[in-house]
Amino acid sequence: MFSLSIIKDTVAIQPSQFGQPADEAIIAELNKKYANRVLHDIGLCICIFDLSQVGEGKVRYGDGCLWYKVVFRMVIFRPFISEVVIAKVKSSDEDGIRLTMGFFDDMYIPAAYLPQPAAFDPNERAHFWLPDSEAATSQQLLDSPVSDRMYIDQGEVLRVRVEAEDFYDDEPGPPKMAEGVQVVREPKRAPYNIICSIAEQGLGPVAWWSAQQGGEDDAMDQR
Amino acid sequence: MEVLNGRSALLSNYEVLTLLKELENDHLARSKAAMRIKKEEEVASGQHTHTDVLPDISENLRTIQVEAIQYLSSEHLPTTSQTPTGVSNLITALAPYDLTKSEKLQIVNLAPTRPVELYVIIEELEDRLGDSMDTILDTIKSSLSAPPPSHVNGKSTTFTSTATSLLGASSSSGGRGTWDEVDAEAIIDDVEFVDHAGEAEGDLDVDDE
């Protein structure tokens, strides 16, 4: 789920930070720049792990900052494809389920990756799975008795497999003007999306499998 | 900026949690010290000073630290009941089974205790492992220590007693078990009196969008 990336960058340390030891000031500056941000094709930056190389601080003409060339290692959140992770349901709609891990919530399960046959119940605002059912159309599924349905409710903890990842790098482009006023551009897409699946034995709400295991196999050591 | 190596090493959840906790403790200790110095100066000079003595820490970093610690110490993950020796023993014990690096990493991160959980992680489990599955599950179970309540806060002993109790309060109020937004605020609120009032809630709101 987490990995280390080696990155090279140049940082400027403001004169007000000269009182601190140089390494602390550099780490603070790098964390300010990277922490909780997505690097394209790299992943979500958590924090600086350590500094590998730091050049000599140089003063440029024009400002009083000390500029350091730094090579550092950073903790990155980027689950690899086919990794199994634990996440929580943030919300559900017709197209699928949105998941959250607390610090990262651009994770989605498209409807196609739900265990089949599954359907979305608009009253409950939740998807459900009908195990061992012949029903194929969503109409048939919604006519099923409620007691047979296994709902995936909001806030439930799911075990999911990472199927794909999408990085978007939206170019900001030139500023748009409307009647002389600058229009604030809203970011359309999240920079990093993870597509997950629960269409497999053992995946889905953690509670489903712990309950089933208990019923089938009493010899198993229960928690 | 130049990326020299996008994935030079894989980190287990336990390592990340330990790192984040260290940073958190460090931050709390510094804020406390800065607060104390400010108080002393005020008493000595007899007037209220408005100088910003808090160490410079970015809001982004604080947000992700708090949220990631919460996720990693939730009860659905085994991370808080792991120990460095437990993990290294587990890896040694798994060596003869010819698992890939990523499979071992997932075993460490998720600590499966039921066969069905192991099925998900390891491809073609029955062909590759056959009868040794139960042995593996037992090994994993034995690598986890029962989480004593003090374990999570065990590293904070070097701080002043107030810092320790602050940390204890925040993790018992919701560190384990859930990572709801409510709890996030509770934790931030606890930390708040060392921060500027109101600031922390503000940056949480931004991130909720």
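Atoms considered below: every heavy atom in the structure, side chains included; atoms not considered: hydrogens, waters and symmetry mates. Sequence lines set the chain letters: A, B, ... in the order given, protein chains first and strands last, and positions in each chain run from 1. Since we're looking at a predicted model, the values are computed, not measured.
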Out of curiosity, [X] [atom1] to [Y] [atom2], how far, rounded to the nearest 0.5 Å?
X: B/Glu15; Y: A/Leu4; atom1: CD; atom2: CG; answer: 8.0 Å
X: A/Arg73; Y: B/Asn5; atom1: CZ; atom2: CG; answer: 10.5 Å
X: A/Asn36; Y: B/Arg62; atom1: CG; atom2: CZ; answer: 12.5 Å
X: A/Asp105; Y: B/Glu67; atom1: CG; atom2: CD; answer: 8.0 Å
X: B/Ser8; Y: A/Ile7; atom1: OG; atom2: CD1; answer: 10.0 Å
X: B/Glu59; Y: A/Lys32; atom1: CD; atom2: NZ; answer: 10.5 Å

Going by heavy atoms in the side chains, are [X] and [Y] under 4.5 Å from each other?
X: A/Ser3; Y: B/Leu10; result: yes
X: A/Phe80; Y: B/Gln106; result: yes
X: A/Tyr34; Y: B/Asn60; result: no
X: A/Leu44; Y: B/Ile64; result: yes
X: B/Glu117; Y: A/Arg159; result: yes
X: A/Cys47; Y: B/Leu20; result: yes

Problem - Which portion of B/Leu19 sits near chain A, non-hydrogen atoms under 4.5 angstrom - result: side chain

Problem - Side chain / backbone / both / neither for B/Leu118 at chain A, heavy atoms under 4.5 Å - result: neither

Exercise for the section: Return yes if some donor-acceptor pair links the side-chain N/O of B/Arg114 with the main-chain N/O of A/Trp209 below 3.5 Å, else return no. Expected result: no

Problem - Backbone N/O of A/Ile86 and side chain of B/Tyr71: donor-acceptor pair under 3.5 Å - result: yes

Problem - Proximal component of A/Ile42, with respect to chain B [non-hydrogen, under 4.5 Å] - result: side chain

Handout entry: Under 4.5 Å from any heavy atom of chain B - which part of A/Val71
Key = side chain

Handout entry: Heavy atoms of other groups near B/Glu123 CD, more than 12 under 6.0 Å
Key = no

Problem - Top contributor to chain B contacts, counting heavy-atom pairs under 4.5 Å, from A/Arg161, A/Lys33, A/Met74 - result: A/Arg161

Fill in the blank from the handout: Counting heavy-atom pairs under 4.5 Å with chain B, the top scorer among A/Ala25, A/Ser82, A/Ser5, A/Gly155 is A/Ser5

Fill in the blank from the handout: Closest heavy-atom pair, B/Val120 versus A/Gln201, reported as atoms and distance to 0.1 Å, is CG2-O, 3.5 Å

Practice task
Apply side-chain contact (heavy atoms from CB on, under 4.5 Å) to A/Phe2 and B/Leu72, showing your working.
Solution key: CA-CA 12 Å; A/Phe2 296 99; B/Leu72 290 174; 4.1 Å; yes

Exercise for the section: Determine, stepwise, if the pair B/Arg7 / A/Arg78 fulfils side-chain contact (heavy atoms from CB on, under 4.5 Å). Expected result: CA-CA 9 Å; B/Arg7 187 174 272 161; A/Arg78 188 187 184 183; 3.6 Å; yes

Exercise for the section: Check the pair A/Met1 / B/Val16 against side-chain contact (heavy atoms from CB on, under 4.5 Å), numbers first and verdict last. Expected result: CA-CA 10 Å; A/Met1 199 151 68; B/Val16 175; over 6 Å; no

